[in-house]
Amino acid sequence: MRKILLPSLVIISATLLVLRLFYLQVIDDTLKLKSDNNAIKIKYDYPERGYIYDRNGKLLVANQPSYDIMVTPRELKNIDTLEFCQLLNITKEEYIQKVEKARVYSPMLRSVFLPQLNKREYAALQEKIRKFPGFEIQKRSLRDYQVSVGANVFGFITQVNENIIKKNPYYISGDLIGRQGVEESYENILRGIKGVKYIQKDKFNRDIGSYKNGKYDTIAVQGDDINLTIDVVLQEYGEKLMMNKRGGIVALEPATGEILALVTAPSYDPAILVGRQRSRNYTKLYNDSIAKPLYDRGLLAEYPPGSPFKILTGLIGLQEGVITEQTPFMCNHGFSYARGRFMKCHDSGISVLHNGMYNSCNTYFASVYMKTINKYVKPADGVDVWSNHLKSFGLGQFMGYDLPTGRRGNRPTSKTYNRIYPNGGWRSTAIVSNGIGQGEVLMTPIQLANMMAAVANRGHYYTPHIIKKIENQPIDKKFVTKHVTSIDKRHFEPIINGLFDVYNLGTAKSLRVEGIDICGKTGTAENYAKINGKRTKLQDHSIFVAFAPKDNPKIAIAVFVENGYWGARWAGPMASLMIEKYLRGKISRTDLEKRMFEGSLLDEYAKYIKPDSTSISFTRVQVNSDEAEN
């Protein structure tokens, strides 16, 4: 048996090897294709990117033709560089630099020499391209924006860099890729699939036809179209309201978690990041260290939530059983809580949950917070219970939405205060500011909007998302998965009744919209910054959160205006206007609208600009002669 085993293994192995060689050499000639690379030119056919529509089917982003000048350094021969440079309006030094860069990439492979020629430049060169061996024109498509808003939502298209090429073999030098916004999040869907053509060359390096009669050629497949959840009319209106101001507006549909508007201010026209001036314009936006138009405040800005946080303080107090709707607290324009410390309040008299909410009584909610923490023997346990309730509303986490940028905010735990007070001994009096949305609590505008969506739904929410429909495939299941908070449903109704009377009896009664039952909460957040090494008090932030209608709500919104004084001055009117615009399509409170459109906070922001700071605009960056201007 042993005598037969060894020869049998040798024969079987040899047979398999011969069969494999026969297959590779006779049947499968893909390796031959690779070995013939020097005699074959690979030409890519770039597809159109998928179109982008809003929730109502309005076209937002389409495509326009563009032309790249490609160069193969090894094939450059007898070039009249002077004529070539004149045609493309570049200097000889730029020509040499670009050719050298291409040679470093590969002397034998094509790479981009000059990207994104317009039709006029293309027409001038097309007639004479045959005079410049080594150069050819590659047709592509660039984005063509049908609206001048939503730059932070869309993102932009740019060339891939070496790191991307190394990580993803799909991309080669000169390819375009989506960056920021939905262009980045849904790049694999929008980009489509490149087509490939293999062209045979003779010994004189001339094209002699398709390799193997096109056996290995593939056609380009256009990217899939997508519909966003954005209502572009509402988005445009929100950006107009925020002109000459800084901040963010986030509006959600409570029943689905769909993002109706995602406004950041200041912003810019997305069209300025298309074409040959894209890099120059992007650099201007990037270097604006004051207005920061590339900084999406709706997703990235972490602010103290101020009085809107009292909604959560009240809900947690009810859930923990430390108060009822009728539990009273006495306020005398504030209250003393530890060794002479005094928390100021604009309210006075006896407050219960209802009037405490619509009058935004600091004494009431600070007291509720302290009772919540003090319910437990150890303050650390009380803080962790409180923090876990906050977590159930999506605080202190990215929330899982489908945009590539964001911040967690800050949701303090006992570990937070063990670090701050390493010697221990801290208790509720040391952290009482949390109860009114100051302290260590930080939230982004999208987290504030999501909190209001959960309240509007009486205890649940859906992950905020910006995709509504993808051509040929379903959206991610996580966007239709319900998240239930840790607060019993029965506790939401008394809170909602208080929020409803914020508009009828309380701090937002001047912002009422006749015929729409709006539930809202004003907020004023203290604002400090380090200036010359000192903690300096700056103008307060204006905050407002709301949802409407009270029953069967259609929209939840958070508005944050930096240095906007108090909630009802800037953020509140904008919230009321956005709600009416979405629900009715027209505005009855034209007095508020006029004040918001004409109002400006530029003088307020100018107080904090250093003489050597760089800022191109506090409003929008517009396009003029392909360049960004103030």
Side-chain angles (χ1 to χ4, degrees), residues 50-58 60 150 152-155 178 181-190 223-232 234-235 249-262 296 298-299 389-406 408-409 443-489 492 496 545-549 551-558 579 582-583:
Y51 283 29
I52 301 175
Y53 299 85
D54 87 337
R55 67 186 294 107
N56 299 311
K58 179 177 174 57
L60 305 177
N152 61 311
V153 174
F154 304 139
V182 295
E183 294 282 17
E184 180 173 336
S185 294
Y186 293 97
E187 163 70 9
N188 292 346
I189 290 166
L190 291 168
D224 289 336
D225 298 340
I226 63 174
N227 284 74
L228 304 184
T229 60
I230 291 291
D231 182 320
V232 74
L234 189 66
Q235 177 77 23
I249 301 175
V250 182
L252 305 175
E253 183 178 67
T256 61
E258 294 177 356
I259 300 173
L260 302 173
L262 181 61
D296 192 332
L299 303 177
H389 284 304
L390 300 183
K391 184 178 180 181
S392 74
F393 283 83
L395 274 63
Q397 52 197 322
F398 290 116
M399 299 170 60
Y401 51 74
D402 52 342
L403 287 161
T405 190
R408 293 177 182 270
M443 294 175 67
T444 60
I446 195 169
Q447 289 175 330
L448 277 167
N450 189 65
M451 175 193 79
M452 287 308 285
V455 174
N457 291 333
R458 279 69 171 172
H460 70 270
Y461 69 90
Y462 293 89
T463 300
H465 55 283
I466 206 151
I467 192 72
K468 188 170 183 67
K469 186 174 72 174
I470 303 173
E471 184 183 19
N472 300 321
Q473 60 180 290
I475 66 171
D476 196 316
K477 289 182 179 179
K478 72 178 181 179
F479 298 136
V480 294
T481 301
K482 182 188 289 188
H483 303 279
V484 180
T485 71
S486 59
I487 308 298
D488 294 343
K489 187 174 182 178
F492 285 88
I496 290 170
V545 295
F547 67 85
D551 299 314
N552 192 23
K554 303 296 183 185
I555 181 172
I557 192 167
I579 288 170
Y582 182 68
L583 295 180

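Since we're looking at a predicted model, the values are computed, not measured.
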Rounded at 0.5 Å granularity, tell me how far CG in Asn152 sits from CG in Asp296. 4.5 Å
Side chain to side chain, Leu403 and Leu262, heavy atoms closer than 4.5 Å: yes
With rounding to the nearest 0.5 angstrom, report the CZ to CG distance, Phe398 to Leu299. 11.0 Å
Nearest heavy-atom pair of Lys554 and Pro549: which atoms, and what distance? N-CD, 3.6 Å
Test side chain to side chain contact (heavy atoms under 4.5 Å, CB included) on Tyr462 and His483 and set out the steps. CA-CA 6 Å; Tyr462 293 89; His483 303 279; 5.5 Å; no
From CG (Leu252) to CD1 (Ile555), nearest 0.5 Å: 8.5 Å
Which class fits the ring pair Phe492 and Phe393: parallel under 30°, tilted 30 to 60°, perpendicular over 60°? tilted
Under the 3.5 angstrom rule, does the side chain of Asp54 hit a backbone N or O of Leu228 as a donor-acceptor pair? no
Quick one: closest heavy-atom pair of Ala556 and Ala449, and the distance? CB-O, 4.0 Å
Side chain Asp224, main chain Ile189, donor-acceptor under 3.5 Å: no
What's the shortest heavy-atom distance between Thr229 and Arg55, and which atoms? O-NH1, 2.6 Å
Member of Asn227, Leu190, Asp225 meeting the side chain to side chain contact (heavy atoms under 4.5 Å, CB included) criterion with Ile52: Leu190
Are Asp551 and Arg458 close enough for a salt bridge, meaning some N to O gap below 4.0 Å? yes
Test side chain to side chain contact (heavy atoms under 4.5 Å, CB included) applied to Ile466 and Val182, step by step: CA-CA 8 Å; Ile466 206 151; Val182 295; 3.5 Å; yes
So, taking the atom named CZ in Arg408 and the one named CG in Leu395, what distance separates them when rounded to the nearest 0.5 Å? 12.5 Å
Working to the nearest 0.5 angstrom, can you tell me the gap between Leu390 CG and Gln397 CD? 10.5 Å
Take Thr481 and Thr463, measure what side chain to side chain contact (heavy atoms under 4.5 Å, CB included) needs, and give me the verdict at the end. CA-CA 8 Å; Thr481 301; Thr463 300; over 6 Å; no
Within a radius of less than 6.0 Å around NZ of Lys478, do more than 12 heavy atoms belonging to other residues, nucleotides or ligands occur? yes
Looking at Tyr53 and Leu60, what are the two nearest heavy atoms and their distance? C-CD1, 3.8 Å
Hey, is the main chain of Gly406 close enough, under 3.5 Å, to the side chain of Thr444 for a donor-acceptor pair? no
Apply side chain to side chain contact (heavy atoms under 4.5 Å, CB included) to residues Tyr186 and Ile470 and explain how you reach the verdict. CA-CA 10 Å; Tyr186 293 97; Ile470 303 173; 4.1 Å; yes
Residue pair Ile446 / Pro464: nearest heavy atoms and the distance that separates them: CD1-CB, 4.1 Å
Sub-3.5 Å donor-acceptor pair from the side chain of Glu253 to the main-chain atoms of Glu258, do we have one? no
Checking the side chain of Asn457 only, and the main-chain atoms of His460 only, is there a donor and an acceptor separated by less than 3.5 Å? yes
Nearest heavy-atom approach of Ile467 to His465 is O-CD2, 3.2 Å
Ile579 CD1 to Ile557 CD1 distance, which is reported to the nearest 0.5 Å: 5.5 Å
